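Read the structure below first, then the notes.
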Amino acid sequence: MVQTVLLSALQQGLLYGFMVLGVYLTFRVLDFPDLTVDGSLALGGAVTAIIITSGGSPWLATVAGTASGLAAGYATGLLHLLLKSGDSNFTNYGPKLLAGILLMTSLYTVNLRVMHGSNIPLLRKETVFDQLSHWFGKSMTGWWVVLVLVVLMLLVKFVLDWFLHTEVGLAMQATGDNEQMLRSLGVNTNVVRVLALGLANALVALSGSLVAQFQGFADVGMGIGTIVAGLAGVIIGEVLFGVRSVRWVLFSVIGGSIVYRLLIAVSLRLGIAPTDLKLFTAVLVVVALALPTVRKKVIRT
Amino acid sequence: MSAAAELVIQDLRKVFFPRTVNEVMALKDVSLRVAPGDFITIIGSNGSGKSTLLNTIAGTLPATSGTLILDGQDITKLSEHRRAKFIGRVFQDPRAGTAPSMSIQENMAMAYLRGRRRGLGPGVPRRIKSRMRERLAELDMGLEDRLTSQVNKLSGGQRQAMSLLMATVAEPRMLLLDEHTAALDPKVAATIMELTGKIVNDSHMTTMMVTHNMEIALQWGNRLIMMHAGRIILDLAKEQKALLTVPDLVNKFHEASGETLAIDSMLLE
Ligand SMILES: Nc1ncnc2c1ncn2[C@@H]1O[C@H](COP(=O)(O)OP(=O)(O)O)[C@@H](O)[C@H]1O
Ligand SMILES: [Mg+2]
């Protein structure tokens, strides 16, 4: 039993890990609490599902699903520019939150349109997991899924490491750290922010695409609560594994994603109703948020 | 060495909250020709428009009317990040000039790319590290041995020294300093001021420096400007400035503004 709980937590933690990386990028790197993610996760699933059911290649479907998240992030970034125009206060979260909320809400309709309904089953369709099964001659279940996901996750993680330390990547980090400074060094921070929001939502949509293919359906409601789950992963990861450098913290939040799914799996085993999970997650976030301050207080006295 | 900029300011006006009860005219049609290589010190009471003047020159704030001509190019409508190619800045708050959670070398590397397109090359290329170390060593603060330290681990003085370096390493044609030593304790402030003088003299870049300290305003630079209520009320050349003492300057202020304000204590500190 311990093994099944662990296995499922690893699978879910890795599947949603790309999303957690995206949430980390917006919340922490960009200092932009982006609520688009509820919509872009479902968008990734929806676009992937419609392409697969129309007979498209699952690989193409995965890439297209990811790209749809990129577009959604760009849309949020552009809308934010419109909403904040004329406002020179860099730490004003109002326009940021509003841009995300508007996109999240719009994407609900977009997702229904994309799927021509609220749900697309993929049960007898060929997904990337099925294709991998053919290639390797191993059924893509259990630990094999974990292995495949770990490889993909490491690939994404190292590309992200590299990217965040390029010239553009440093500009992304600095946009969230000190936007006025970066402008006075000649960087158009508006463009940088739009690019970063695109990247973050592409990661979120990649999660949506993989989740849909793994669970065998895409659903318009599959993204609900993504932002809170993503935050939970980020915060748990930071608290448990630390934040000593960007490279390190990317590992931390992936770990956080897995621990979060483990907590969910355990609490379901212990009898928490699935319908209570959202509240459970919210409480978890609050508790984890309180932890570092608790820790600091303990250290000080 | 960078070419020093000439800046011609014509009838520059800045109105905050226009057509409301809170309307403030912070700059009242200011005109000024800043010659290439000028090092102008700017003084004036609180709220006289000194920061607004620098912010409008840098493009942080759009001008309400008037024009700014930098080396013959009309920059009035140019966005802030485009102007940054020519204009370096240091602010009063030592935290304003650096990215706190990034490392010393990352901050410096970003500064070397001032006004250039950023691509997918390494953010901190190996080839600039030795140049970076050399410049940091000139600060004499040991920062050259701490390249990978986070900037938020540094003291206010160290951060302000780095801000100054970051504003100038890529050799912009103009440097704007807004009370950049005001938040530091006196000893550190003196160090930063010496450093400022050295950098400006070495590079000859055109410099405008706001200060609340009259002695510094008299001691440094080749020209002194006094602002009051959104206007320039005094503009002294090097020779005139050399003959003045701080009390003279206070008298000049009273003559020129026609007011005896409670700023004397501030002016005389
Ligand atoms: N961003 C702003 N919004 C509204 N009013 C401002 C702003 N900045 C400055 N002001 C007003 O403009 C006037 C000049 O301010 P400022 O340029 O900061 O003066 P100084 O730097 O000489 O102390 C003041 O009345 C100030 O209240
Ligand atoms: Mg000021």
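This one's a predicted model, so the numbers in the text were calculated from it and none came from an experiment. These numbers come from the heavy atoms of this one structure, side chains and all, not from hydrogens, waters or symmetry mates. Letters A, B, ... mirror the listed sequences (proteins, then strands); counts begin at 1.
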Check: Side chain, backbone, both or neither: which part of B:R95 has a heavy atom under 4.5 Å from chain A?
Finding: backbone

Notebook entry, point to check: Does a side chain donor of either A:T189 or A:R183 reach within less than 3.5 Å of an acceptor in the other side chain?
Noted result: yes

Item checked: Atom pair OG (A:S252) and CZ (A:R247), whose distance is rounded to the nearest 0.5 Å -> 14.0 Å

Checklist line | chain A contact via B:F86 - which portion, at a heavy-atom distance below 4.5 Å | finding: neither

Item checked: Polar contact flag, side-chain donor to acceptor under 3.5 angstrom, A:Y74-A:N201 -> no

Check: Does the cation-pi check pass for A:R261 over A:Y16, that is, NZ or CZ under 6.0 Å from the six-membered ring centre and within 45° of its axis?
Finding: yes

Next item on the list: Tell me, out of B:A167, B:P100, B:P125, who's got the most heavy-atom pairs with chain A below 4.5 Å.
Entry: B:P100

Check: Using non-hydrogen atoms only, which part of B:R83 is less than 4.5 Å away from chain A: side chain, backbone, both, or neither?
Finding: neither

Item checked: Interface residue of largest heavy-atom contact number with chain A, from B:Q150, B:R118, B:R117, under 4.5 Å -> B:R118

Notebook entry, point to check: Side chains of B:H180 and B:S163: do they bring a donor and an acceptor to under 3.5 Å?
Noted result: no

Next item on the list: Side chain from CB out, backbone as N, CA, C, O: work out which of these in B:A96 comes under 4.5 Å of a heavy atom of chain A, or both, or neither.
Entry: backbone

Checklist line | Backbone of A:L164 reached by a side-chain donor or acceptor of A:Q173 within 3.5 Å | finding: yes

Margin query: If we count only N and O atoms by modelled type, under 3.5 Å, do the side chains of A:T26 and A:D34 hold a donor and an acceptor together?
Written below: no

Notebook entry, point to check: For the candidates B:I87, B:L120, B:L113, B:T148, which exhibits the highest count of non-hydrogen atom pairs separated by less than 4.5 Å from chain A?
Noted result: B:L120

Next item on the list: For chain B, find which of A:G186, A:G176, A:A174, A:A171 contributes the most heavy-atom pairs closer than 4.5 angstrom.
Entry: A:G186

Next item on the list: Heavy-atom pairs under 4.5 Å with chain A are the metric here; pick the option from B:A109, B:G97, B:G88 that has the most.
Entry: B:G97

Notebook entry, point to check: Between B:P122, B:G115, B:G121, which has the largest tally of heavy atom pairs under 4.5 Å with chain A?
Noted result: B:G121

Item checked: Between A:D177 and B:S101, a side-chain donor and acceptor under 3.5 Å -> yes

Next item on the list: Could you tell me which portion of A:L182 (side chain, backbone, both or neither) has an atom closer than 4.5 angstrom to a non-hydrogen atom of chain B?
Entry: side chain

